[in-house]
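Start at 1 with the first residue, then count along the sequence.
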Amino acid sequence: DLPLSDITYKFGSRFIPTSLYQDFLTEVMETKATVVYDKASDSYDVSLASHQRFAITNTYGHKGFDGQKLANVLLNQKPGKIYMPDPTDPSGNKRILDQVATAVLDEKSEALKERFKQWVEENLEVQEKIVDVYNEQFNRYVVKTYDGSGLTINGLAKQFQPRPHQNNAIMRTVQELRAGYAHEVGSGKTLTMLASNMKLQELGMVHNALFVIPKPLINQFAREIYKYFPESKVLVAQPEDFTKAGRKRFVSRIATGKYHAIIIADSQFGKIGMSKAYQENYIKEQLYEARSMIEQADEGSYTVKKAEKTIEALKTRLEKLQKTDTDSFITFEELGIDMLYVDEAHGYKNLAPYTQLENVKGISDTRAEKSMDLMMKIEYMHNLYDNRRVVFSTGTPMSNSVVELYTMMKYTEPDVLEKYGVANFDSWVSSFGIIENNFELTASGTFKVNRRFTKFGNVPELMNMFRET
């Protein structure tokens, strides 16, 4: 087992039992504390029996923002904020952030978090509980290894032989029916994808494999298939296949052609929508999630504004969908795809998760249309094939934002995130992310305090989880 010194934890880590938070708050707030965790909303709720203790009103409270409110926001990884009436508003209804009072509250926030660390260090029994829970949740699985040294692949041109790491990746794909090829540029990801597909077809496990390729690379990719597998039968989607006249012909070719690979440009892939009914249900589920975020957040907060913006975009998308002529496009379900390969998958990284975290630098809130479209299709595949049948290939699974690592895992291994209890982004961040307040220089030459996702914690366990695909 890992000792406590090798475990990154904080006040708000989801893997720490609520009973420990209750014991801690009862001691430092000098009154009975109750902490409830709601898994559906991934949020904590703290209530204190009395609000008249000095620790609640002064030590860990300021200007009406008492210790109960502070414990609540910190457990939910949000900053405490104090507002005041806007002096420029004659009606007195508008409120603005009280910078001075909020700065004082920030100090008290740090004091409470440090007091929790100290409390853990002082209590051997508490340390043992955290160690036991963490090891049980994150350190009880051994990463599976794959040996493809004995693999043979029918149809592969004799002058090409996969390297050991490629054979191992092919064997992983054959055994798991999913994979993330996060191999560096030049390591032969194209051959790995093609060879794994050919082996799966040789074994009769896959019949209709779809390759989604960036548009500038599609002709090059088609040439490489014939270079590696000269006798393969390939269908490359053309723009005319997406016209009303060509739609049925294209679908029937896929259904009857017995192709080894169907290649489509990413721009064309976006034109193949799910059925209208499926999309409507999916968007309604997204609306429900966004509205749930509003219910959990403080009125007027950044989270509320972000969720409201998402809701408006989803409503617009739903209205546009309802006006669509259903006979004007090919539906993804019609294609009968049973294996989906996505090349240069980092192009779909902008899929901002629903989160209560507010104004944290390093956590993107961009939700690109094509990423949402891909996620919808992947969730359809996952529902059909028990979270299998999706392969991602990219040399840069994470480039600009730490959210990208979570996004890649959400695409390829949602069941693994669920298994470790971090399917929700806030739970994932509480276990593996470190958010700090840093003084940063602004464009005007002044300093501003920014909350930033600075680094990862518990990296070995995070990487073991990532390597499960």
Side-chain angles (χ1 to χ4, degrees), residues 144 146 166 168-183 189-201 203 205-214 221 237 254 259-266 268-270 272-275 278-279 282 331-351 353 368 370-398 403-420 423 465-469:
K144 189 176 178 181
Y146 303 85
Q166 292 174 304
N168 294 343
I170 295 165
M171 180 60 79
R172 172 195 286 275
T173 312
V174 169
Q175 290 188 19
E176 302 297 335
L177 282 169
R178 65 178 176 185
Y181 301 150
H183 304 164
K189 293 187 290 295
T190 299
L191 174 57
T192 306
M193 282 196 295
L194 294 172
S196 66
N197 169 53
M198 292 298 187
K199 188 65 183 178
L200 286 167
Q201 297 210 16
L203 296 171
M205 299 167 72
V206 167
H207 302 94
N208 278 335
L210 179 67
F211 290 78
V212 181
I213 310 297
F221 191 85
I254 291 174
Y259 294 98
H260 291 110
I262 303 159
I263 305 172
I264 189 168
D266 52 0
Q268 294 170 328
F269 181 67
I272 303 177
M274 299 299 295
S275 65
Y278 188 95
Q279 288 191 64
Y282 184 84
T331 66
F332 187 71
E333 294 101 310
E334 284 180 298
L335 300 181
I337 300 303
D338 57 6
M339 195 72 182
L340 178 63
Y341 288 86
V342 182
D343 193 23
E344 305 297 343
H346 53 267
Y348 297 89
K349 65 188 178 183
N350 291 325
L351 188 72
K370 72 173 189 176
S371 300
M372 293 172 66
D373 175 71
L374 177 64
M375 178 56 87
M376 182 165 30
K377 291 165 183 171
I378 284 177
E379 286 186 4
Y380 170 76
M381 296 285 289
H382 283 167
N383 288 333
L384 279 183
Y385 299 110
D386 191 27
N387 295 303
R388 297 295 193 270
R389 309 292 181 127
V390 175
V391 173
F392 268 29
S393 172
T394 174
T396 52
M398 188 178 77
V403 179
E404 294 165 19
L405 189 62
Y406 172 82
T407 301
M408 290 296 162
M409 296 169 77
K410 191 76 172 174
Y411 276 130
T412 59
E413 51 179 357
D415 56 319
V416 173
L417 292 173
E418 191 70 48
K419 178 175 74 174
Y420 285 97
M465 192 186 307
F466 183 68
R467 284 199 291 264
E468 288 209 18
T469 57

With sequence neighbours excluded, what pairs up with Glu333 under the salt bridge (Lys or Arg N to Asp or Glu O under 4.0 Å) test?
none
Not counting sequence neighbours, which residues clear salt bridge (Lys or Arg N to Asp or Glu O under 4.0 Å) with Glu468? List them please.
Lys419
Flag the pair Val390 / His382 as yes when at least one side-chain heavy-atom distance between them is below 4.5 Å, and no otherwise.
yes
Does any pair with a residue in residues 339-351 pass salt bridge (charged side-chain N to carboxylate O under 4.0 Å, His left out), and if so which ones, sequence neighbours excluded?
Lys349-Glu404
Test of understanding: with side chain to side chain donor-acceptor pair (under 3.5 Å), list the residues that count as partners of Tyr385, not counting sequence neighbours.
none
Stepwise, does the ring-ring contact (aromatic ring centres under 6.0 Å, His included) test hold for Phe392 with Tyr411?
CA-CA 9 Å; Phe392 268 29; Tyr411 276 130; 5.0 Å; yes
Output all residues satisfying ring pair (Phe, Tyr, Trp, His ring centres under 6.0 Å) with His183, sequence neighbours left out; order by chain, then residue number.
His165, Tyr181
Judged by modelled atom types alone, do Ser196 and Tyr341 share a side-chain donor-acceptor pair under 3.5 Å?
yes
Looking only at atom types and distance, does a side-chain atom of Asn208 sit under 3.5 Å from a main-chain N or O of Asp338, one as donor and one as acceptor?
no
Ring pair (Phe, Tyr, Trp, His ring centres under 6.0 Å) partners for Tyr259, two or more places apart:
none
If you measure only the distance, is there a donor-acceptor pair under 3.5 Å linking the side chains of Gln201 and Asn197?
yes
With a 4.0 Å cut-off, would you call Arg178 and Asp386 a salt bridge?
no
Close side-chain approach of Met375 and Lys410, heavy atoms under 4.5 Å
yes
Taking Ala179's backbone N and O only, do any of them form a donor-acceptor pair with Thr173's side chain (distance below 3.5 Å, no angle check)?
no
